[in-house]
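Shown next, in structure tokens, is the structure this report addresses.
The basis for the numbers below is simple: all heavy atoms, side chains too, and nothing from hydrogens, waters or symmetry mates. Note that the structure is predicted; figures quoted are calculated from it, not measured. Reminder, nothing fancy here: chain letters follow the sequence lines and each chain counts from 1.
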Amino acid sequence: MSTDSESASDDAAADESATENTLPGEYDPGAVEPKWQDRWVDEGTYEYDGDADVDSNLVYSIDTPPPTVSGSLHMGHLYAHTLQDFTARYHRMAREHTFFPFGYDDNGIASERLTEQELGIRHQDFTRREFQEKCREVCQDYEAEFTDEMQSLAMSIDWTNTYKTIEPRVQRISQLSFIDLYEQGREYRQRAPTIWCPDCETAISQVEQEDKDKHTKFNDIDFDLLETSDGAAADGATFTISTTRPELLPACVSVFVHPDDDENQHLVGGTAKVPIFGQEVPIIADERVDMETGSGIVMSCTFGDQTDIEWYQAHDLPLRIAIDESGTMTDLAGDYQGMSTEEAREAIIEDLDDVGALVESRDHDHTVQVHERCETEVEYLVTEQWYVEMLDRTDDYLEAGREMEWYPEKMFTRYQHWIEGLEWDWCISRQRDSGIPIPVWYCEDCGETIMAEKEDLPVDPLSDDPPVDACSECGGSDFRPEEDVFDTWATSSLTPLINAGWDWDAEAGEFTMEHPELYQFDLRPQGHDIISFWLFHTVVKCYEHTGEVPFENVMINGHVLDENREKMSSSRGNVVLPEEVMEKYPVDAIRFWSASASVGDDFPYKEGDLEAGERLLQKLWNASRLIDQLTPAADAVEEPDEDDLAAVDRWMLAELDDAVDSLTEQFEAYEFSKARNELRSFFWNSFCDDYLEIAKQRLSDGGDASTEYALVTAHRTFLKLFAPFLPHVTEELWQRLYTDEAEELDSVHTTDWPETRGYDADLEAGERAMEVIAALRRYKTDSGLPLNADLDTVQVYGGIAGFEDAVAEAMHVADLETLDEPPEVTTEVTGVDLDYSLVGPEYGSEVGDIDAAIEAGEFEEVDGKLQVAGVELDGEMYEIEESRTYSGEGEMIETENAVLIVG
RNA sequence: GGGUUCGUGGUCUAGUUGGUUAUGACGCGGCCUUUACAAGGCCGAGAUCGGUGGUUCAACUCCGCCCGAACCCA
């Protein structure tokens with residue numbers, strides 16, 4: 001392959017025969033794909049080119065949830081981002097501007113630990129600012145790697161619009177959000193029951209805990225009964241409770257009995273004495289008691305589980321705090337003070353046994369709640385935390401969810417049920433050392449909350465001074481900085497505001513957006529497993545800040561499963577890595593496979609499906625090669641007058657119009673799998689198998705302006721329609737065939753999406769002609785003839801007006817004749833085909849009789865009406881089925897809409 | 001345990017308000033060297049639509065129960 005010197009630049013496109021204007025016989029994705037990936041990035045092909053003055057209807061904006069980049073790319077990333085890329089590429093062509101940004105989430109425990117490991121440091125030895133600086137440095141390599149991987153998957157992301165959740169700009173937005181919500185009265189600080197991880201020593205939210213099966217002891221413990229509902233109990237009267245956590249005995253505040261528990265009903269209203277610790281507690285009835293477990297009598301403590309919290313709230317119980325924030329017993333535990341919960345449990349069981357209060361201690365398996373990050377069993381403590389109020393606005397948030405279009409629609413129910421089940425406000429403070437600081441100080445004298453000034457943000461109260469010298473309430477001058485940081489979701493839920501450049505304008509005294517044209521965002525993609533917190537929290541936050549629902553559309557993606565439809569997980573060892581897949585298959589083939597499932601459905605990773613995509617690439621390449629050979633240079637092809645278009649060419653262009661309409665609708669509705677299937681089968685079956693075979697013959701004896709035009713037009717359109725799915729091969733073909741080798745890249749991905757041209761054609765005649773061709777192909781195959789065998793004469797009945805030559809040429813028929821009348825046949829009525837959609841509603845229960853009569857042959861057609869079973873059916877309700885026998889010369893072939901005689 | 005979603009040939013999948021012949025792909029079997037493509041073309045086999053009851057003239061489609069899977073929440 002030689003290239004002449006002037007094009008032998010460092011432009012990789014010149015490596016092959018581009019200058020010779022023919023396509024090589026094989027498509028080589030291994031060389032082509034990286035070439036374009038680099039070029040797109042170098043040329044900034046996907047950079048957002050809108051600004052604040054642009055009509056937001058002309059902008060398609062995507063708010064992408066940022067992945068944790070310190071982890072490695074998995075099939076879920078690949079799939080979810082590929083779906084996003086389909087929408088981005090389609091809309092980039094269909095609209096004026098597309099905004100497809102990227103975010104790196106490095107503001108979490110994962111990157112914190114990574115930084116400590118990589119640098120061999122402890123975050124405690126640095127200020128938060130210093131440590132976060134180091135996190136940013138360490139994460140940079142991981143981000144670069146992630147970026148490379150995303151680029152090698154052909155994500156059409158604008159790499160000049162990225163953010164990191166740890167960067168100062170994002171910290172400022174997080175703190176602005178906090179202050180705005182506080183000023184709106186949507187936040188409060190309260191001492192309240194919190195889910196607490198004693199190992200990490202932080203509050204965690206409901207969603208950060210997970211189930212873990214645990215083997216433990218179930219202990220039956222005797223309580224002294226002091227009073228029953230009828231007054232003082234008999235001396236020495238006891239009852240038994242069962243618990244897995246005897247270390248909570250000092251925290252016991254009451255005993256519960258189920259209202260339906262007849263056997264123990266006499267206890268209700270009475271009083272009991274807790275063994276060893278001696279506090280007297282009331283006995284109360286409540287339906288939340290599980291009668292099946294243990295004795296059916298249960299103690300309630302501060303707090304053993306979430307039911308204890310519910311009881312505390314419902315029955316106004318006192319607090320007895322026996323376990324502190326590090327999981328150590330408090331002074332309330334008396335002799336056990338200072339022990340860990342585990343140690344106290346052992347000791348208390350022993351002592352219970354000594355005083356004769358331990359009835360039995362037996363093996364027991366149950367489920368406990370653990371912190372998802374460290375697997376430590378959680379405690380329920382009373383601590384001071386910041387909350388975002390939510391429970392009072394759940395109706396609004398539900399309505400906000402209704403205002404968005406959900407793809408698929410059914411996923412809205414997950415959002416709805418999550419909201420309907422909400423029981424807690426959102427705890428947003430965390431006791432981590434690192435993270436985005438809560439920008440608050442407290443007056444040492446009166447406890448007044450001092451918020452940072454918006455213009456000072458970001459601040460860190462541990463290093464920065466409060467904005468006032470004296471407390472506005474009491475005039476005090478000593479301030480205590482808030483040590484807590486935000487829950488990462490408090491930041492992750494702000495991505496639309498980060499992307500739109502939300503900020504506080506101190507001069508104007510209002511919040512502004514650098515890019516108001518982006519908001520609300522057209523699309524929010526999200527995995528179906530995290531609708532409840534990520535998407536929900538984002539809707540809540542943005543709604544409260546802007547008064548507007550942040551997204552017009554939500555696209556929920558499913559999960560990639562293994563070939564047996566099981567979830568991929570490292571413990572099962574069935575994880576498929578994107579790198580392995582990318583080594584074996586072209587990215588375009590992987591993308592085509594990604595489009596195979598309906599949006600929202602989980603789907604399995606199957607190698608065979610990737611091969612289908614690979615074959616399509618080759619087919620597209622080969623067809624392009626043929627078209628290139630058949631037609632002159634693209635710019636020499638001109639549109640003929642409408643009247644000069646041959647019927648078959650006009651037919652192709654009209655069919656293409658239909659396909660464009662349909663594909664456009666499907667892309668608009670995020671129906672990628674429908675679009676993919678329809679495009680593939682239209683291209684392969686209608687265009688390649690039918691039309692291209694005809695065109696090949698029509699052009700074999702020299703040029704034909706009509707067919708050349710139709711071929712090139714269809715081909716250009718196909719490249720555009722395939723472009724969102726197969727960005728590399730379409731770009732390669734587009735560049736080779738339809739652009740000058742200009743300085744600047746004129747990418748197929750920045751061309752306009754095809755519009756229908758409004759060609760009018762006899763679609764039915766075309767369809768019949770294709771039927772006839774298919775029938776002749778079948779005839780040749782059945783007769784053992786090669787497909788290019790000559791046929792002497794073929795007669796066709798069934799209008800194929802205008803397509804006679806096309807059929808004859810394509811099928812090598814010497815003499816093709818059309819018939820005005822059906823061939824002479826003897827017919828025999830074999831039955832009646834009813835149109836039940838008409839007959840059913842009309843005759844209802846009589847349909848059975850009608851069917852039976854037809855089955856028995858008891859019917860008669862008179863004057864275009866069918867007399868059967870005592871009723872008379874109109875002509876449109878039925879069709880007489882007949883078998884036809886042809887006794888003339890040649891062989892008769894019937895298709896659905898045509899009859900032909902091959903002779 | 002509760003909720004949500006789902007269950008269609010060997011595998012994956014279409015099936016829009018119920019209308020009787022259930023779509024396509026992969027795989028499988030057979031045939032065809034045809035001047036873009038054997039990674040192609042043509043033909044064929046293969047499904048009582050998870051099971052079971054019900055509503056209806058008519059159910060893959062609507063309803064009840066059961067079985068199984070995934071996710072979310074306990």
Assigned partner base of [N], Watson-Crick or wobble definition, under 3.5 Å:
N      : value
G46(B) : none
C37(B) : none
U21(B) : none
G64(B) : U52(B)
U5(B)  : A69(B)

Take the protein atom [atom1] of [X] and the nucleotide atom [atom2] of [N], then report the distance between them rounded to whole Å.
X         : N      : atom1 : atom2 : result
Leu620(A) : A39(B) : CG    : C1'   : 14 Å
Arg414(A) : C73(B) : CZ    : C1'   : 12 Å
Asp601(A) : U11(B) : CG    : P     : 18 Å
Leu561(A) : A70(B) : CG    : P     : 9 Å
Glu611(A) : C12(B) : CD    : P     : 17 Å
Leu610(A) : A25(B) : CG    : P     : 18 Å
Phe603(A) : U8(B)  : CZ    : P     : 17 Å
Ile530(A) : C73(B) : CD1   : P     : 11 Å

Give [X] one of three labels, base, sugar-phosphate or nothing, depending on what nucleic acid heavy atoms sit under 4.0 Å from its own.
X         : value
Lys410(A) : sugar-phosphate
Asp529(A) : sugar-phosphate
Ser598(A) : sugar-phosphate
Lys674(A) : sugar-phosphate
Thr413(A) : sugar-phosphate
Glu420(A) : nothing
Asp835(A) : nothing
Trp684(A) : sugar-phosphate

Report yes if the side chains of Val576(A) and Met568(A) come closer than 4.5 Å at any heavy-atom pair, otherwise no.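 They are in side-chain contact.
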4.5 Å side-chain heavy-atom contact, Phe683(A) and Leu616(A):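 Heavy-atom side-chain distance check passes, below 4.5 Å.
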I'd like to know whether Arg591(A) forms a side-chain hydrogen bond (donor to acceptor under 3.5 Å, both in side chains) with Thr82(A), so could you lay out the CA-CA distance, the side-chain angles of the two residues, the decisive distance to 0.1 Å, and finally the verdict. CA-CA 7 Å; Arg591(A) 293 170 59 97; Thr82(A) 300; 5.0 Å; no
Rounded distance in Å between the [atom1] positions of [N] and [M]:
N      : M      : atom1 : result
G50(B) : A69(B) : C1'   : 11 Å
U52(B) : G10(B) : C1'   : 26 Å
G7(B)  : C12(B) : P     : 12 Å
A39(B) : C28(B) : P     : 13 Å
A25(B) : G9(B)  : C1'   : 13 Å
C6(B)  : U61(B) : C1'   : 15 Å
A22(B) : A59(B) : P     : 15 Å
A47(B) : G40(B) : C1'   : 29 Å

Check for me whether the distance between the ring centres of Phe603(A) and Tyr79(A) falls short of 6.0 Å.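 Ring centres of Tyr79(A) and Phe603(A) closer than 6.0 Å.
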Aromatic contact, Phe86(A) with Phe667(A) (centres under 6.0 Å):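 Between Phe667(A) and Phe86(A), which both carry aromatic rings, the centre distance is not below 6.0 Å.
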When you match Pro604(A) and Glu26(A) each to their closest nucleotide on RNA chain B, which lands nearer the 5' end?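 Final value for this comparison: Pro604(A).
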Between Ala623(A) and Gln618(A), which is nearer to the 5' end of RNA chain B once each is assigned its nearest nucleotide?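 First, find each residue's nearest nucleotide; the 5'-ward one identifies Ala623(A).
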Under 3.5 Å, is there a donor-acceptor pair between the Glu767(A) and Asn897(A) side chains?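 No - no donor-acceptor pair under 3.5 Å links their side chains.
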Among C72(B), C26(B), C43(B), the one nearest Trp418(A) by side-chain distance: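 Nearest listed nucleotide: C72(B).
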After noting the C-alpha distance and the side-chain angles of Arg524(A) and Trp534(A), does the key distance pass the side-chain contact (heavy atoms from CB on, under 4.5 Å) rule? CA-CA 11 Å; Arg524(A) 166 67 170 216; Trp534(A) 206 342; 3.3 Å; yes
Can you tell me if the side-chain N/O atoms of Lys696(A) get under 4.0 Å from OP1 or OP2 in A36(B)?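 It does, given that an N or O in the side chain of Lys696(A) lies less than 4.0 Å from OP1 or OP2 of A36(B).
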